[in-house]
Amino acid sequence: MGKIQPFHLAIPVSNLEENRVFYREVLGCEEGRSSDHWVDFNFFGHQLVLHVQEPQPKPKGKGNPVDGKEVPIPHFGVVLEWDVFQDFSKKLKSNNIQFVIEPYIRFEGKTGEQATMFFKDPSGNALEFKAFKNIDQLFAK
């Protein structure tokens with residue numbers, strides 16, 4: 001695999017200021033360009049743009065079952081380094097984040113061992129953060 005390029009993702013938010021505070025203060029993302037209808041963030045090296053949109057009907061269904069938990073669909077996020085994930089999850093807990101799926105370890109002691117967690121932003125966008133014990137196993141079967 002060559003050098004990874006940053007992705008660009010634009011997501012809808014119902015309240016720009018509330019989400020701006022969440023991404024900046026809670027997640028620690030650096031704010032970039034903005035207007036009264038959108039704001040860019042450095043989302044762990046990627047470009048995330050929040051666009052104001054009227055609240056939309058929530059998708060039906062809970063998600064997909066994984067490890068006996070309901071994984072929200074759709075969701076997005078990033079793969080962090082193992083130690084960064086641990087520190088980040090502690091920070092989120094200290095900020096009283098309500099997790100959809102609390103931080104836990106999948107495939108412990110097996111190929112693809114990973115830490116993962118899910119939570120939502122103030123507009124209901126689901127985020128997943130994960131970390132692999134061995135990053136070389138990111139795509140291992």
Side-chain angles (χ1 to χ4, degrees), residues 1-67 69-141:
M1 183 182 334
K3 180 181 176 215
I4 296 176
Q5 294 294 309
F7 68 74
H8 164 84
L9 178 65
I11 61 170
V13 297
S14 54
N15 181 311
L16 190 61
E17 192 55 35
E18 181 181 31
N19 283 276
R20 174 182 256 146
V21 169
F22 176 81
Y23 283 90
R24 186 181 58 225
E25 305 299 325
V26 177
L27 300 188
C29 299
E30 182 181 344
E31 188 172 326
R33 295 176 300 275
S34 67
S35 79
D36 57 345
H37 290 76
W38 57 269
V39 60
D40 282 347
F41 280 99
N42 177 344
F43 186 73
F44 300 84
H46 303 282
Q47 186 186 39
L48 178 66
V49 185
L50 311 182
H51 285 273
V52 175
Q53 186 179 59
E54 292 297 317
Q56 302 295 307
K58 299 291 181 203
K60 294 183 179 173
K62 294 180 179 181
N64 285 339
V66 176
D67 295 343
K69 299 165 178 52
E70 290 294 322
V71 170
I73 303 297
H75 66 265
F76 71 96
V78 293
V79 177
L80 303 172
E81 293 175 355
W82 192 263
D83 293 338
V84 172
F85 178 94
Q86 304 305 324
D87 292 342
F88 187 57
S89 65
K90 288 176 190 170
K91 175 184 174 184
L92 293 173
K93 288 177 183 178
S94 72
N95 278 303
N96 298 313
I97 290 297
Q98 184 175 3
F99 291 96
V100 174
I101 299 175
E102 295 271 343
Y104 79 105
I105 307 297
R106 298 187 68 209
F107 311 120
E108 192 165 3
K110 299 178 182 170
T111 301
E113 181 175 351
Q114 60 191 266
T116 187
M117 62 181 154
F118 291 82
F119 55 92
K120 293 184 178 181
D121 71 12
S123 289
N125 295 299
L127 293 93
E128 177 185 18
F129 286 85
K130 60 171 51 182
F132 283 78
K133 191 77 169 186
N134 178 347
I135 193 62
D136 293 334
Q137 295 179 355
L138 179 65
F139 297 108
K141 294 181 180 181

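Keep in mind that what you see is a predicted model, and the values were worked out from it rather than measured. These numbers come from the heavy atoms of this one structure, side chains and all, not from hydrogens, waters or symmetry mates.
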I need the minimum non-hydrogen distance between F22 and K120, along with the two atoms involved.
CZ-O, 4.1 Å
Could you measure the distance from the CG atom of L48 to the CG atom of N19? Nearest 0.5 Å is fine.
10.0 Å
If you count every heavy atom of other residues, nucleotides or ligands that lies below 6.0 Å from K110 atom NZ, does the total exceed 12?
no
Residue pair F76, L127: steps toward the side-chain contact (heavy atoms from CB on, under 4.5 Å) verdict
CA-CA 5 Å; F76 71 96; L127 293 93; 4.0 Å; yes
I'd like to know whether CD of E81 has more than 12 heavy-atom contacts from other residues, nucleotides or ligands below 6.0 angstrom.
no
Quickly, which of E128, E102, R106, K69 forms a side chain to side chain donor-acceptor pair (under 3.5 Å) with T116? Name it, please.
E128
Distance col, row Q5:CD vs H46:NE2, nearest 0.5 angstrom, shows 10.5 Å
Minimal non-hydrogen separation, W82 against A115, with atom names:
CZ3-N, 3.6 Å
Nearest heavy-atom contact between L16 and W38 is CD2-N, 3.9 Å
CG on N15 to CZ on R20, rounded to 0.5 Å:
10.5 Å
Separation between CZ of F41 and CG of L50, rounded to the nearest 0.5 Å:
5.5 Å
Atom pairs and distances, side-chain donor-acceptor, residues 6-14, under 3.5 Å, sequence neighbours left out:
from: H8; atom 1: ND1; to: Q47; atom 2: OE1; distance (Å): 2.7
from: S14; atom 1: OG; to: S123; atom 2: OG; distance (Å): 3.4

Would you list the atom pairs, donor with acceptor, under 3.5 Å between side chains in residues 129-139 and any protein atom, with sequence neighbours excluded?
from: K130; atom 1: NZ; to: Q114; atom 2: OE1; distance (Å): 3.1
from: N134; atom 1: OD1; to: D136; atom 2: N; distance (Å): 2.9
from: Q137; atom 1: OE1; to: G112; atom 2: N; distance (Å): 2.7

Under the side-chain contact (heavy atoms from CB on, under 4.5 Å) criterion, do V26 and L92 qualify, and how do the steps go?
CA-CA 7 Å; V26 177; L92 293 173; 4.1 Å; yes
Sole candidate of E30, E31, E18 that passes salt bridge (Lys or Arg N to Asp or Glu O under 4.0 Å) when paired with R24:
E31
Evaluate whether atom CD of E25 has more than 12 neighbouring non-hydrogen atoms of other residues, nucleotides or ligands under 6.0 angstrom away.
yes
Which value, rounded to the nearest 0.5 Å, describes the distance between F85 atom CZ and L80 atom CG?
7.5 Å
Look at the aromatic rings of F88 and F44 and report parallel, tilted or perpendicular, splitting at 30° and 60°.
perpendicular
Between CZ of F119 and OG of S89, what distance do you get to the nearest 0.5 Å?
10.0 Å
